[in-house]
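Below: the structure, in structure tokens.
Everything numeric in this text was worked out from a predicted model, so none of it was measured.
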Amino acid sequence: MDFIEMLKYILLGFVQGFTETIPVSSSGHLMIVKSLMDLKIDFDTLAIITNFGSLIAIIILFRKDIISLIKSFFGYLATKKEEYKSEYKYCWLIVLGCIPAGLMGLVVSKLDLFAKIENNIKIVGISLLITAFLLFLIRNFKGHKDDSEITPKNALVVGFFQILGLFPGISRSGSTIVGGMTQQMKRDTAFKYSFMLYIPMSLAAMLLEVGDLLDASINTVTWIYYGVAMLVAAVVTFLVTKWFRNIVNNGKLIYFTIYCSIVGILVILFL
């Protein structure tokens with residue numbers, strides 16, 4: 001086992017964890033790191049494994065909400081009690097919000113639509129500028145809708161915004177939070193709904209990729225590297241997501257507008 005090689009995986013796990021849930025695109029940043037350091041690493045496999053680490057962190061962070069939603073969903077099916085109805089409806093809104101990006105994701109995967117651009121670093125720069133523009137548009141939005149006031153139309157609009165997150169370099173969390181705020185959701189309502197969509201979408205993506213992962217010929221030492229990267233990604237994702245929630249609630253998304261603009265311009269000019 002090589003110490004320097006381990007540090008590379010720790011760095012990539014950190015980058016994945018830090019950028020997965022904030023509106024700067026984790027895939028885009030991994031491509032930037034790959035371009036800057038010329039790393040000889042299977043980034044596709046690494047992305048699958050570190051994304052799983054981030055997913056675990058998000059599930060832990062939202063565990064109370066998830067448990068409550070599951071109880072209410074099956075509780076309403078069994079008893080039709082009014083106390084369960086609001087969260088039962090919210091569960092179906094999560095399903096509805098996942099449909100647009102889910103269908104588009106299948107089309108993109110089957111037709112390999114991004115094959116010619118997914119490794120183009122200039123595309124990441126352009127995508128970061130698009131993310132910056134979207135965040136700038138909703139910088140002063142506050143909204144008034146809470147969880148119980150989200151409508152099917154609102155869910156579909158956010159779902160269509162989530163399609164933007166399929167494009168290499170555009171942040172999924174950024175696009176869905178922007179979508180939520182355009183639908184007059186409160187900041188924390190948009191934040192929570194964004195990550196309620198993230199969980200099933202990430203699980204579905206994992207299931208689609210697990211076959212390729214099992215077929216890959218990965219030696220024991222490399223599995224250890226991947227495991228460390230996944231652990232780092234999980235811990236960092238957990239901490240950063242809690243911090244990001246405060247940023248959203250305090251209406252400070254302009255910081256990410258500035259960051260994405262600067263990095264996007266630097267990538268276009270110099271990489």
Side-chain angles (χ1 to χ4, degrees), residues 17 20-22 48 50-103 105-106 142-162 165 172-181 183-210 230-231 233-249:
E20 175 61 32
T21 56
I22 62 176
I48 295 169
T50 53
N51 275 325
F52 183 62
S54 292
L55 175 60
I56 291 171
I58 297 302
I59 290 173
I60 293 172
L61 191 61
F62 287 92
R63 63 192 182 281
K64 291 181 180 178
D65 294 297
I66 295 168
I67 292 169
S68 179
L69 287 170
I70 292 172
K71 286 182 177 178
S72 293
F73 183 83
F74 290 105
Y76 186 78
L77 285 178
T79 67
K80 294 296 188 292
K81 288 184 178 179
E82 194 67 24
E83 64 187 277
Y84 297 129
K85 189 173 183 179
S86 179
E87 288 196 325
Y88 172 80
K89 170 193 166 187
Y90 191 86
C91 289
W92 283 113
L93 291 173
I94 293 172
V95 174
L96 188 60
C98 287
I99 290 174
L103 292 175
L106 288 174
K142 293 183 180 179
H144 58 83
K145 293 183 178 180
D146 58 25
D147 293 350
S148 64
E149 296 173 300
I150 300 174
T151 67
K153 173 182 172 289
N154 299 152
L156 278 175
V157 169
V158 177
F160 279 105
F161 267 89
Q162 188 167 220
R172 189 217 63 86
S173 65
S175 60
T176 50
I177 289 172
V178 168
M181 289 188 178
Q183 297 305 294
Q184 299 300 314
M185 295 182 194
K186 294 178 181 176
R187 289 166 179 162
D188 198 57
T189 302
F191 178 91
K192 176 184 171 183
Y193 187 62
S194 170
F195 286 97
M196 289 298 104
L197 297 183
Y198 168 87
I199 293 170
M201 291 297 292
S202 292
L203 282 172
M206 279 293 302
L207 290 174
L208 289 173
E209 299 286 357
V210 71
M230 183 181 76
L231 180 61
V235 173
V236 176
T237 297
F238 183 86
L239 296 174
V240 169
T241 306
K242 292 181 72 174
W243 166 73
F244 179 48
R245 191 169 200 168
N246 289 329
I247 293 288
V248 173
N249 288 336

Q. Out of curiosity, M185 CE to H144 NE2, how far, rounded to the nearest 0.5 Å?
A. 11.0 Å

**Q.** Interatomic distance, I59 atom CD1 to I67 atom CD1 [nearest 0.5 angstrom]
**A.** 11.0 Å

Q: For residues E87 and S68, report the shortest heavy-atom separation together with the two atoms involved.
A: OE1-OG, 2.7 Å

Q. CD1/I48 to OG/S202 distance, rounded to the nearest 0.5 angstrom?
A. 12.5 Å

**Q.** Side chains of L77 and Y88 in contact at under 4.5 Å (non-hydrogen atoms)
**A.** yes

Q) Residues two or more places apart in sequence or in another chain: which of them pass side-chain contact (heavy atoms from CB on, under 4.5 Å) with N249? A) R187, D188, R245

Q) Looking at Y76, does the NZ or CZ of K80 lie under 6.0 angstrom from its six-membered ring centre and within 45 degrees of the ring axis? A) yes

Q | Inter-residue atom distance N246.CG - T241.OG1, 0.5 Å rounding | A | 11.5 Å

Q: Compute both the distance and the angle, then confirm whether K192 meets the cation-pi test with Y90: under 6.0 Å from the six-membered ring centre, within 45 degrees of the axis.
A: yes

Q.
Go through it in stages, so that I can follow the logic: the residues are M206 and L203, the test is side-chain contact (heavy atoms from CB on, under 4.5 Å), and I'd like the CA-CA distance, side-chain angles, deciding distance and then a yes or no.
A. CA-CA 5 Å; M206 279 293 302; L203 282 172; 5.6 Å; no

Q) Closest heavy-atom contact between A234 and A57? A) O-CB, 3.1 Å

Q | Rounded distance [0.5 Å steps], CG in L156 versus OG1 in T151 | A | 8.5 Å

Q. Do the non-hydrogen side-chain atoms of T189 and Q183 ever get within less than 4.5 Å of each other?
A. no

Q. Under 4.5 Å between any side-chain heavy atoms of V95 and W92, yes or no?
A. yes

Q. Can you tell me how far the OG1 atom of T21 sits from the CD1 atom of I58, to the nearest 0.5 Å?
A. 5.0 Å

(Q) I need the minimum non-hydrogen distance between T176 and S194, along with the two atoms involved. (A) OG1-OG, 2.6 Å

Q: Work out which heavy atom in V158 is nearest to a heavy atom in G179; give both atom names and the distance.
A: CG2-C, 3.7 Å

Q. So, T237 side chain and G17 main chain: donor-acceptor pair closer than 3.5 Å or not?
A. yes

Q: Verify the neighbour count for atom CZ of F244: are there more than 12 heavy atoms of other residues, nucleotides or ligands below 6.0 Å?
A: yes

Q. Side-chain donor-acceptor pair under 3.5 Å between S54 and E20, yes or no?
A. no

(Q) Testing the basics here: between N51 and Y198, what is the closest heavy-atom pair and its distance to 0.1 Å? (A) O-OH, 4.0 Å

Q. Taking the side chain from K145 and the backbone from A190, do they hold a donor-acceptor pair closer than 3.5 Å?
A. no

Q | Residue pair L69 / C91: nearest heavy atoms and the distance that separates them | A | O-SG, 3.6 Å

Q: Identify which one of D147, I177, N154, I94 satisfies the side-chain contact (heavy atoms from CB on, under 4.5 Å) criterion when paired with Y193.
A: I94

Q: Using the six-membered ring wherever Trp is involved, compare the ring planes of F195 and F191 and label them parallel, tilted or perpendicular (cut-offs 30° and 60°).
A: tilted

